[in-house]
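Note that ligands are numbered from 1 as they come in the structure, with each ligand's atoms numbered from 1 the same way. Side chains included, hydrogens not; waters and symmetry mates left out as well; all remaining heavy atoms used.
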Amino acid sequence: MHAMRLNAPRTALEWVDLPDRLPGPGEIRVTVSACGVCRTDLHVVDGDLPFPGHPLIPGHEIVGRIDALGAGVEDLRLGQRVGIPWLGHTCGTCPYCRAARENLCDRPLFTGYTRDGGYATAAIADARYAFPLGEAGDDVALAPLLCAGLIGWRALAMAGDDARALGLYGFGAAAHIIAQVAIGQGRTVYGFTRPGDSATQDFARELGARWAGGSDQAPPEALDAAIIFAPDGALVPAALAAVRKGGRVVCAGIHMSDIPGFPYALLWEERQVLSVANLTRQDGIDFLSRAPGMQIRTRTTRYALRDANRALADLRAGRFEGAAVLVP
Ligand SMILES: [Zn+2]
Ligand SMILES: [Zn+2]
């Protein structure tokens, strides 16, 4: 198999040839057909997240077909198309796992971080954490649903069913999917981008946002809730200033720069700040079973697997709208 491997933080990924591995008990091996590039991958490469101490293969928005089954795997079959998300393993016994909050597991493994991911021609996964995808939809178009869509879905749930006027801060891969979901649910979406990024503001309006502007601008009406996808802590007080009394600000990223000090008046009146961490398998089942009916159109830019470093650089610089997807 071939892979783009991260040998140390803050270095370029290296193209490597590795021996083919067989799946162990309870595991599957997939031939990767597409793997989305998530901002979390940038945080891993840039050392914003602690480096696990060994070379790793990033990538946790994997679409592929099963080409080998480990012992004891009974619910999946050879040739089946599956998606492999960020949550790669949970312990099943810690208080969080026992309380149906496996996203907060004390001893988890994460795909493309603490276990090898999909920047490769093949990947091995714990069968219990792979989602059957069915045959509807194109591999590349589906890949961003596996994290941008899923984490966005969890963030949208945390924003609350009563959040009719919804602000999305950082209009990248996740926001472009969740805007479509939210509008389909009858919510009104307001898109916030880097100040002056008129191309992304146009993109947000194209997807149905009622208004789009810079994150330094006030929306035309007070928001019921805001979801922050961009890794900029300064957006927390900005979003708090934009939500109504009792409104929520949901931080959906795994890493954010420090949140600057702000007057208590911004939080007063029962405004809430929450964060979203990881996903549960139930989130995946809920979202992926509904996704085909939601008519989500993902905007993707394809890169060859060998060009993963260029894809990451383009993501860092905001050089495309929507999501980047690697194709082996
Ligand atoms: Zn656990
Ligand atoms: Zn991700």
Side-chain angles (χ1 to χ4, degrees), residues 4 6 13 26 32 34-46 48-49 52 56-63 83-120 123 125-126 128-131 140 142-156 168 170-178 227-231 250-256 275-284 287-288 291 298 300 303 308 311-312 314-316 320 322-326:
M4 290 296 283
L6 180 67
L13 305 184
V32 177
C35 183
V37 177
C38 176
R39 184 164 289 279
T40 297
D41 303 341
L42 262 188
H43 294 313
V44 171
V45 171
D46 290 347
D48 296 325
L49 301 180
L56 65 94
I57 301 169
H60 56 269
E61 295 181 315
I62 305 171
V63 177
I84 300 168
W86 170 248
L87 188 74
H89 176 81
T90 53
C91 75
T93 58
C94 75
Y96 298 101
C97 281
R98 289 204 307 265
R101 302 181 80 189
E102 64 180 0
N103 60 307
L104 301 177
C105 175
D106 285 333
R107 289 176 293 277
L109 290 176
F110 296 117
T111 309
Y113 184 36
T114 48
R115 67 178 294 162
D116 281 337
Y119 285 20
D126 184 323
R128 296 168 301 165
Y129 298 81
F131 299 118
V140 169
L142 287 175
L145 301 186
L146 267 302
C147 185
L150 255 171
I151 297 290
W153 174 258
R154 188 173 175 86
L156 185 62
L168 301 178
F171 213 89
H176 102 285
I177 294 170
I178 282 320
I227 303 174
I228 303 178
F229 291 112
V250 181
C251 303
I254 194 167
H255 171 81
M256 202 179 235
S275 71
V276 165
N278 314 315
L279 67 136
T280 65
R281 281 172 284 177
Q282 194 59 48
D283 293 330
F287 176 62
L288 294 170
T298 49
T300 54
Y303 294 82
L312 287 166
D314 288 353
L315 173 59
R316 187 183 283 109
F320 55 78
V325 179
L326 302 179

Donor on one side chain, acceptor on other, Asp314 and Tyr303, under 3.5 Å: yes

Within-4.5 Å side-chain heavy-atom neighbours: Leu6 and Val44: yes

Every N, O or S from the protein that is nearer than 2.8 Å to the Zn ion (ligand 2): Cys38 SG, His60 NE2, Cys147 SG

Side-chain donor-acceptor pair present, His60, Asp41, cut-off under 3.5 Å: yes

Flag side-chain contact, heavy atom, 4.5 Å: Val325 against Val63: no

Criterion salt bridge (Lys or Arg N to Asp or Glu O under 4.0 Å) against Glu102, the qualifying member of Arg281, Arg107, Arg128: Arg281

Side-chain touch Asn103/Arg154, heavy atoms, less than 4.5 angstrom: yes

2.8 Å cut-off (strict), protein N, O or S atoms about the Zn ion (ligand 1): 4

Minimum side-chain heavy-atom gap Trp86-Ile254 below 4.5 Å: yes

Any donor-acceptor pair under 3.5 Å from Asp116 side chain to Ile57 backbone: yes

Whether Tyr129 and His89 hold their rings parallel, tilted or perpendicular, with breakpoints at 30° and 60°: tilted

